[in-house]
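To start, the structure itself, in structure tokens.
Note that the coordinates shown come from a computational prediction; the quantities given were computed from them, not determined experimentally.
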Amino acid sequence: MKVVVIGAGFAGLCVGALLKQAGFADLTLIERGDGVGGVWRENRYPGAACDVPTPLYSYSFEHGHAWSAAYAPQSEMLRYLQHCARKYGLEQHLRCGVRATHARYDGEEARWTVQCSNGEAVQCDVLIPAVGIFNTPVVPGFAHAQSFEGVAFHSAQWRDDVDLRGRRVAVIGSGASAVQIVPALAGIAARVDVVQRSPLYVMPRKPVDMGAMASERERLFREFDEVANRRKSTEGAQAAQQAFADHLERTVRDPDLRSALTPGFLFGCKRTLFSDEWYPALQKPNVRPIFAHVERLTPTGIAFTDGTSAEVDAIVYATGFDPARYLPGLEVEASGTTLRDTWRQGARAHLGISVAGFPNLFFMYGPNTNVAGSVVHMHECQARYIVQCLQAMAASGATAMEVRSDVMERSCDRIQQRLAVSVMDGAHCSSYAMDAAGRVVVQYPGSQSDYERETAQVDLGEFLMR
Ligand SMILES: Cc1cc2nc3c(=O)[nH]c(=O)nc-3n(C[C@H](O)[C@H](O)[C@H](O)COP(=O)(O)OP(=O)(O)OC[C@H]3O[C@@H](n4cnc5c(N)ncnc54)[C@H](O)[C@@H]3O)c2cc1C
């Protein structure tokens, strides 16, 4: 069976490694970047590090790694993934610097043809998009943005050629990237203006005993499961909210700042962040939290709607990504339709992995599989499930495997029902997990354990095998 995986981040390498181990060696990994690593290759901003501890945020089949820190910095995460690509024999299957632009399934032949940016067409029996969801940078379209005469860039497109030491910098945003960038910049810049539209819940980092990695993995897994379980009900969220209020009281002296930093939505609705440096950084003399709304950019900085302004030399857009827009730049076509059309009402897939009408197509990190915990655990569940699917095809001699549409509809409806009674529902807040229509298409409603249970065993009765 010839398998093509698109993307060589945590997900692509995971499914590649497990497929190879299972004997599926006719494998090609198409990667548009110049190497493996995905978000850990792209996000090189100062302070970039994982916020789920590495004993958990790493592969279970490669977990004895000698991490230098519990929250490893970007360079180390990238080295880890490069090491895994080497160790699991994936380098020889890699095609870097090639973007997959279009994939079409031929029902007669039961084969996919993947069109690439270099003009090449790659054929395969099974296609696995592992293209990630946090890699389409979003930059707000501020009025007069072109008039700004300083330098401006997105956090995922860090300009190594720009020296921010001693400069006046505005960081726009208060999400996961800003929480890491601001403390790092506060140590070198003359001034950091932190422009925040809607503050998030930022909790202290979980302490980790790096001397007992295997048991720490278990313990952290359970702890993050509890975080996810709290999101299932308003009562759970309210208890966590009190813990946050106590933490803020301990770390931020000024009551006005505390009030401005208190999110206006229920705990758990949006992603909870973990940092020990964010609140201390915001109280440094050279750091200015700004809660006013941006009206426009000027040649020398930012004008706010309340009439105030900030004069800066550089603007860093820590404004995140657009995870609800699945597969940007990749057209997928089968059974006379496209995924874009099929997903017009929002992206959906059975267990986040398979879509009715699209045989021999299996997603890594597909719709509704982002979790409060380690995404790598979700990748492993998906990869094991996909390996089982391919083994079932090989064993039965089937050339095509497609999830039944009634199965997909039922399981996706159940996901939405579970989300509707959780704090992630749109009634509590709007978040990047939603598509334009307000449907939560990114977040999984349960815990890492729930997903592991749901994906542990492929039910072949849910599929059409031909
Ligand atoms: C800064 C940052 C920190 C994070 N920290 C954590 C954390 O601590 N814990 C956690 O659980 N999650 C974290 N995440 C979420 C993260 O997205 C996942 O953990 C995980 O790394 C995703 O891996 P992936 O392989 O699915 O996606 P990616 O890492 O995005 O990899 C996808 C790959 O596909 C390639 N690609 C995309 N489209 C194409 C195409 N058309 N053709 C060819 N190649 C293509 C991309 O170039 C990329 O290399 C973080 C995300 C970011 C951005």
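The side-chain heavy atoms of Asp51 and Tyr57, taken from C-beta on, include no pair separated by under 4.5 Å. Using a 4.5 Å heavy-atom threshold, the side chains of Val36 and Glu31 count as separate. Using a 4.5 Å heavy-atom cutoff, the side chains of Leu18 and Phe61 are in contact. Using a 4.5 Å cut-off on side-chain heavy atoms (C-beta onward), Met364 and His379 make contact. Looking at Ser374 and Gln448, their side chains come closer than 4.5 Å, going by heavy atoms from C-beta outward. Side-chain contact between Asp413 and Arg348: present, with at least one pair of heavy atoms (C-beta onward) separated by less than 4.5 Å. Considering only heavy atoms from C-beta on, Gln180 stays 4.5 Å or farther from Trp278 through its side chain. Residues Arg197 and Ser174 have side chains not in contact (no heavy-atom distance under 4.5 Å, counting atoms from C-beta outward).
Within the 3.5 Å criterion, the main-chain N or O of Arg111 finds no donor-acceptor partner in the side chain of Asp106. Judged by distance alone, with hydrogens and angles left aside, the side-chain atoms of Trp112 form a donor-acceptor pair with the main-chain N or O of Pro359 at under 3.5 Å. Looking only at distances, a side-chain donor or acceptor of Arg217 sits under 3.5 Å from a matching main-chain atom of Pro55. Formation of a donor-acceptor pair under 3.5 Å by the Glu277 side chain with backbone atoms of Pro183 is not found in this model. In this structure a side-chain-to-backbone donor-acceptor pair under 3.5 Å is missing from Asn368 to Ile415. Formation of a donor-acceptor pair under 3.5 Å by the Arg86 side chain with backbone atoms of Glu91 is not found in this model. A donor-acceptor contact shorter than 3.5 Å is absent between the side chain of Glu42 and the backbone of Ala156.
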Exercise. Start with the C-alpha distance between Ser58 and Val376, add both sets of side-chain angles, then the distance that settles side chain to side chain contact (heavy atoms under 4.5 Å, CB included), and finish with yes or no.
Key: CA-CA 6 Å; Ser58 49; Val376 175; 5.8 Å; no
Quiz prompt | Derivation of the side chain to side chain contact (heavy atoms under 4.5 Å, CB included) call for Val316 and Phe153 | solution = CA-CA 5 Å; Val316 173; Phe153 51 89; 4.1 Å; yes
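Note: Cys96 SG to Ile30 CD1 = 11.0 Å, rounded to the nearest 0.5 Å. Taken from CE in Met77 to CG in Asn43, the straight-line distance is 12.0 Å, to the nearest 0.5 Å. Separation of atoms CG (Leu56) and CZ (Arg222) is listed at 11.5 Å; rounding is to 0.5 Å. The structure places CG of Leu460 at 7.5 Å from SG of Cys389, a figure rounded to the nearest 0.5 Å. For the atom pair Ser447 OG and Asn229 CG, the distance stands at 5.0 Å (nearest 0.5 Å). Distance check, rounded to the nearest 0.5 Å: NE2 of His377 to OH of Tyr59 gives 14.0 Å.
The side chain to side chain donor-acceptor pair (under 3.5 Å) check on Tyr88 picks up Glu62, with sequence neighbours excluded. Under the rule for a side chain to side chain donor-acceptor pair (under 3.5 Å), the partners of His93 that lie at least two apart in sequence or sit in another chain are Lys20. Not counting sequence neighbours, Ser275 has no partner by the side chain to side chain donor-acceptor pair (under 3.5 Å) test. Taking the ring-ring contact (aromatic ring centres under 6.0 Å, His included) definition, one finds that His247 meets it with Tyr279, sequence neighbours left out. Partners of Arg219 by side chain to side chain donor-acceptor pair (under 3.5 Å), not counting sequence neighbours, listed by chain and number: Glu216, Glu223.
Surrounding CD of Gln92 are more than 12 heavy atoms belonging to other residues, nucleotides or ligands, all under 6.0 Å away. Within 6.0 Å of the CZ atom in Arg466, the count of heavy atoms belonging to other residues, nucleotides or ligands exceeds 12. Counting heavy-atom neighbours within 6.0 Å of Arg104 CZ, excluding the residue itself, gives a total of 12 or less.
Under the 30°/60° scheme for interplanar angles, the aromatic rings of Tyr451 and Tyr444 are found to stand perpendicular. Taking the six-membered ring for Trp and thresholds of 30 and 60 degrees, Trp343 and Tyr326 have ring planes more than 60 degrees apart, a perpendicular arrangement. Taking the six-membered ring where the residue is Trp, Phe10 and Tyr80 present tilted rings, their angle falling between 30° and 60°. The aromatic rings of Phe244 and Tyr201 sit perpendicular to each other, their planes meeting at more than 60°, with 30° as the lower class boundary.
Heavy-atom minimum distance, Val171 versus Ala318: CG1-CB, 3.9 Å. The minimum heavy-atom distance linking Ser233 with Val423 is given by the pair O-CG1, 3.6 Å. In plain terms, the two heavy atoms of Ala100 and Val114 that are nearest each other are CB-CG1, 3.8 Å. Taking each heavy atom of Val355 and Ala349 in turn, the nearest pair found is CG2-CB, 3.8 Å. Between Val403 and Ala356, the shortest heavy-atom distance links the atoms CG1-N, 3.3 Å. Taking all atoms of both residues into account, the shortest heavy-atom contact from Gln115 to Ala121 is NE2-CB, 3.7 Å.
Just one of Thr369, Leu339, Ile386, Leu351 meets the side-chain contact (heavy atoms from CB on, under 4.5 Å) condition when paired with Phe363; it is Leu339.
For the residue pair His350 / Ser411, a side-chain donor-acceptor distance below 3.5 Å is found, with atom types taken as modelled. Side-chain atoms of Gln123 and Thr113 form a donor-acceptor pair, as typed in the model, at a separation below 3.5 Å.
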Could you list the donor-acceptor pairs under 3.5 angstrom formed by side chains in residues 390-400, with sequence neighbours left out?
from, atom 1, to, atom 2, distance (Å)
Ser396, OG, Ala392, O, 3.0
Ser396, OG, Met393, O, 3.3
Ser396, OG, Ala398, N, 3.2

Expected list for residues 126-138: side-chain donor-acceptor pairs under 3.5 angstrom, two or more places apart:
from, atom 1, to, atom 2, distance (Å)
Asn135, ND2, Val131, O, 2.8

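For the salt bridge (Lys or Arg N to Asp or Glu O under 4.0 Å) condition, the pairs that include at least one residue of residues 441-456, sequence neighbours left out, are Lys232-Asp450, Arg418-Glu454, Asp450-Arg453. Residue pairs meeting the salt bridge (Lys or Arg N to Asp or Glu O under 4.0 Å) criterion with at least one partner in residues 367-377, sequence neighbours excluded, are absent. Counting only residues at least two apart or in different chains, side chain to side chain donor-acceptor pair (under 3.5 Å) contacts with residues 66-75 comprise Ser68-Glu76. The salt bridge (Lys or Arg N to Asp or Glu O under 4.0 Å) contacts involving residues 373-390 comprise Glu380-Arg384, where partners must be two or more places apart or lie in separate chains. Among residues at least two apart or in separate chains, side chain to side chain donor-acceptor pair (under 3.5 Å) pairs with a member in residues 351-367 are Tyr365-Asn370.
Geometrically, Lys2 does not engage Phe24 in a cation-pi contact, judged by NZ or CZ lying under 6.0 Å from the ring centre and within 45° of the ring axis.
Under the 4.0 Å criterion applied to side-chain N and carboxylate O atoms, Arg95 and Glu120 are assigned as salt-bridge partners.
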